Amino acid sequence: MSVTSVIQVQVVKALDSLYEGNFEPGSFQLSQTKPEFEGDYTVVLFSLVKQLKKSPDGLGNELGQYLVANNAGLFTAYNVIKGFLNLTITDAYWVSLLQQNYKNPNFGKAAATGKKVMVEYSSPNTNKPLHLGHLRNNFLGWSIAEILKANGNTVTKTCIVNDRGVHICKSMLAWQKMGNGATPATTGSKGDHLVGDYYVQFENELKQQAAPLLEQVLAGNFTGFEGEPLTKLQLFVQRINNGDAKAAELKDEVKELVRNNTPLMQEVRTMLLKWEEGDADTLALWKQMNEWVYAGFNETYKRIGSNFDKTYYESNTYLLGKKTVQWGLDKGVFFKKEDGSVWIDLTADGLDEKLVQRKDGTSVYITQDIGLAQDKYNEYKMDQSIYVIGDEQNYHMKVLKLICQKLDLPNADGIYHLSYGMVELPTGRMKSREGTVVDADDLVDEMEKISAQHTEELGKVKDFTTEELKQLYHTLGMGALKFYLLRVEPKKKMVFNPEESIDFHGFTGPFIQYTHARIKSILRKEAATLFTNAPQTALLKLEKELLVQLEQYGSILQQAAAEHNPSVIASYTFHLAKAYNSFYTEHSVGNAETPAKKELRLQLCQLTAIIIASAMGLLGIQVPERM
RNA sequence: GGUCCGGUAGCUCAGUUGAAUAGAGCAACAGCCUUCUAAGCUGUGGGUCAUUGGUUUGAAUCCAAUCCGGAUCACCA
């Protein structure tokens, strides 16, 4: 049980015996005492003052006296200042906590709850390599899965690979037209990059084809267009020419319509139809190119430490929602329009009418997602299903959950969208069409290079073998990168400036890794004298501050899981490392004043190292023995 | 236009279930290595918590309005 829970219980007991009323741990606030006051934890008295109609001073003193008198092992002193009751915990309590846990590798982690959770993350398209945005997604998904495990849940990590559709057909078509049979082997390119290059080539070609057509359309010549696109174009162009305030947006719409009317896009659509019909040549090419991509992805995943228990492929799941549509119609949750298309009315919930099946009978994105959600549940029967997806899909995920709830699916209430903000450049969003995307492989290379540079400058590991150095550079580079992306609250968008390299000082991964290496250096030297005396001794200020922080790890793990927020752990671990470093510079472990002091400090070192390694592990970050 | 999210130090961010004088890191400046790793430690300066009004003993935090930035509102995925 955490210290705060213990205190809460004792305060409730005290209140019950001193006053009339119904008290529970939630009746008052308990917080850590601010450093400028005497004490460890503080009861905020205002809510009780109101309830009991007593003066803050009177209540504080009565409560403080009672607590100290009746909990000799727990409280040693109290003081009351302006409605705050500051309580000092006995050193004996802290020391015994340390002694019981200093070699417990599972300190802070919860026992099994029997709950099953699925975390879906990464979910790449197979037409281009992973970029910085995917990294945030991967790190978040992996980390939240581990955090949930640490809280006693059974977790399944999954990935849905978007391996079919217009996007991959674009790469396929460009490769057919311009590839001359190039393969990763003949070009020496990583498979995902090779396929991505053809995607870029397609987009360039498309741009060229669309440019004269766009000019023609903007000049009012709509030859070659018919039906709905024609009506839209005529309207939009007219509005642009009339100086509409939204001219820029309208022009984008026009551009999109024009692009879709080019011969190249016709070819892509033909190819997609062939794929759907099962055309052998098309399927063979599709399979071949996807395999190149998977080989590339696997290399990157291995490097960044992403892994999945189960991988779904969209080509296998995209038809799954179809039978649900009929079922939803039968239940009266969906309705059919005259043209045969199927919809759900969400206007009562403040949303719109949403299409779930096209008039031609094919299913749309949301329908596929409903189908996949059912499929997942049938196989895993999980209590919660977390989707790590960017915030541009907030609306989509809201709709998905709502539809599942209206269909009364057993998995519906467990759907949780872990939404995260985009990673932007100082110039704005990354745009693949404009080539401003920060490539994941390049970035990892860069981080390892910088790590090597720093390490060489400091010259502390000159005896390392080449292999050990390589490992260290990777550990440090990934530590810096992962920490950088995870230290910010997920839902906030963040800016990455490629000009300023990611830092290695201050609130960073390497700072914490360094702290760990420092501790290990001591423990290597002092291992022989470990723990022979009883470290019953009074705590110095910095010793206690460190210990108080160590104790909080369990609560931090709970908070991180409850909020689905790894940045809570990043923040905590940084503060812990800071507390350790302050302690370290002020007090010697090896040359401690007495043997008992030495042992106490060694135990502090040991538990700090355990928690740093554990916490960083939950962020997917390794900690080195030396650096 | 509707809905949602954000706005805190020069920069990047904590703090948002209301509570003591709003905190870190980076950058700037001043100190600290004959002693366990200086990727460290200690200190200084830096704030109209977007704005206005409200609720409250008490508001960065809750409510309302406004301003700024972003996302989304496809028979795309």
Side-chain angles (χ1 to χ4, degrees), chain A residues 26 29 31 33-34 36-37 42 44-47 49-50 56 81-84 86 123 125 162 164-167 228 253 256 260 314 318 337 339-343 350-352 354-360 362-366 368-369 390-396 398-399 419 421-422 424 428-429 451 454-455 457-458 460-461 476 480 484 487-489 491-497 500 503-515 517-526 567-568 570-571 574-575 577-578 580-592 601 605 626-627:
Chain A
Q29 270 185 51
S31 54
T33 304
K34 299 215 163 198
E36 56 267 38
F37 301 100
T42 296
V44 182
L45 299 168
F46 296 106
S47 56
V49 164
K50 211 176 199 172
I81 301 171
K82 290 203 300 184
F84 298 89
N86 301 318
S123 307
N125 288 356
N162 301 306
R164 58 133 240 141
V166 171
H167 54 88
E228 206 186 318
E253 297 245 16
E256 202 54 41
N260 281 331
E314 195 198 340
Y318 79 111
K337 290 197 177 174
D339 65 359
S341 58
V342 181
W343 298 73
L351 306 177
D352 311 299
K354 194 82 191 163
L355 179 90
V356 294
Q357 190 176 77
R358 297 188 187 98
K359 63 185 171 215
D360 63 6
T362 56
S363 55
V364 291
Y365 185 36
I366 194 99
Q368 298 172 29
D369 274 353
D391 63 6
E392 77 263 10
Q393 295 203 36
N394 284 354
Y395 179 76
H396 173 80
K398 207 167 166 181
V399 169
S419 168
M422 295 290 107
E424 295 179 357
R429 282 183 83 161
S451 308
H454 281 257
T455 305
E457 276 168 23
L458 293 166
K460 293 179 183 176
V461 287
L476 295 178
Y484 181 85
R487 68 182 202 180
V488 181
E489 197 189 338
K491 76 174 173 190
K492 290 201 174 173
K493 68 177 183 198
M494 58 188 300
V495 178
F496 173 78
N497 190 345
E500 299 166 15
D503 225 315
F504 281 63
H505 303 270
F507 186 23
T508 68
F511 167 84
I512 297 165
Q513 291 172 317
Y514 173 70
T515 308
R518 271 181 144 181
I519 299 173
K520 281 311 178 92
S521 171
I522 293 178
L523 292 177
R524 272 194 301 274
K525 287 180 180 127
E526 302 295 344
S567 79
V568 168
S571 207
F574 171 66
H575 289 297
K578 259 188 89 66
Y580 180 84
N581 281 322
S582 296
F583 154 80
Y584 174 95
T585 28
E586 201 61 36
H587 304 296
S588 175
V589 177
N591 295 317
R601 289 182 189 160
C605 288
R626 290 178 56 195
M627 65 184 273

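FYI, side chains are in, hydrogens and waters are out, and symmetry mates aren't considered; it's all heavy atoms of this structure. Computed from a predicted model, the values in this text were never measured in an experiment.
- At a cut-off of 3.5 angstrom, counting only N and O atoms as typed in the model, there is a donor on one side and an acceptor on the other between the side-chain of Asp339(A) and the base of C75(B).
- Across the strands present, C62(B) finds its partner in G54(B); the criterion is a Watson-Crick or G-U wobble pair with both atom distances under 3.5 angstrom.
- The listed nucleotides are A14(B), A20(B), G40(B); the one nearest the side chain of Glu489(A) is A14(B).
- Residue side chain Asn581(A) does not reach the base of A38(B) through any donor-acceptor N/O pair under 3.5 Å, judged by distance alone.
- A gap of 12 Å separates the P atoms of U16(B) and U61(B), to the nearest Å.
- Here Met494(A) lies in heavy-atom contact (under 4.0 Å) with sugar-phosphate atoms only.
- One can place CZ of Arg518(A) at 10 Å from P of C36(B), the figure rounded to the nearest angstrom.
- In this structure A30(B) sits in a base pair with U42(B), meeting the Watson-Crick or G-U test at under 3.5 Å.
- Remark: the Asn162(A) side chain and the Tyr318(A) side chain contain no N/O donor-acceptor pair separated by less than 3.5 Å.
- An aromatic stacking contact between Phe84(A) and the base of A19(B) is absent, as defined here by ring centres under 5.5 Å apart and ring planes under 30° from parallel.
- Taking CG from Asn394(A) and CD from Glu392(A), the interatomic distance works out to 8.5 Å, rounded to the nearest 0.5 Å.
- Remark: the separation of the C1' atoms in G25(B) and A64(B) is 36 Å, to the nearest Å.
- Counting only heavy atoms from C-beta on, Arg487(A) has its side chain closest to U12(B) among A77(B), U12(B), A14(B).
- The distance from the NE2 atom of His575(A) to the CD1 atom of Ile512(A) is 10.0 Å, given to the nearest 0.5 Å.
- As judged by a 4.0 angstrom heavy-atom cut-off over every strand, Val166(A) is placed among residues making no nucleic acid contact.
- Leu355(A) has its CG atom 11 Å from the P atom of A74(B), to the nearest Å.
- Using a 4.0 Å heavy-atom criterion, one finds that Asn162(A) contacts no nucleic acid atom at all.
- When heavy atoms are screened at a 4.0 angstrom cut-off, Lys359(A) is found touching base atoms of the nucleic acid.
- When distances are taken from the side chain of Phe511(A) to each of G40(B), A20(B), A77(B), the shortest belongs to G40(B).
- At whole-Å resolution of the value, CD in Glu457(A) and C1' in A38(B) are 14 Å apart.
- Regarding contacts with the backbone of A74(B), every side-chain N or O of Arg358(A) stays at 4.0 angstrom or more from both OP1 and OP2.
- In the model, Asp503(A) has no side-chain atom that pairs as donor or acceptor with a side-chain atom of Thr508(A) under 3.5 Å.
- Residue Thr42(A) is classed as a base contact, given a heavy-atom separation below 4.0 Å to a base.
- Among the atoms of the strands shown, base atoms are found under 4.0 Å from some heavy atom of Arg626(A).
- Nucleic acid contact class of Asn260(A) (heavy atoms, under 4.0 Å, all strands): none.
- If you check every strand for non-hydrogen atoms under 4.0 Å, Thr455(A) touches a base.
- The side chain of Tyr514(A) sits closest to U37(B) out of A77(B), U37(B), C26(B).
- A donor atom on one side chain and an acceptor atom on the other are not found under 3.5 Å apart for Ser31(A) and Thr42(A).
- The side chain of Ser582(A) sits closest to C41(B) out of C73(B), C41(B), C4(B).
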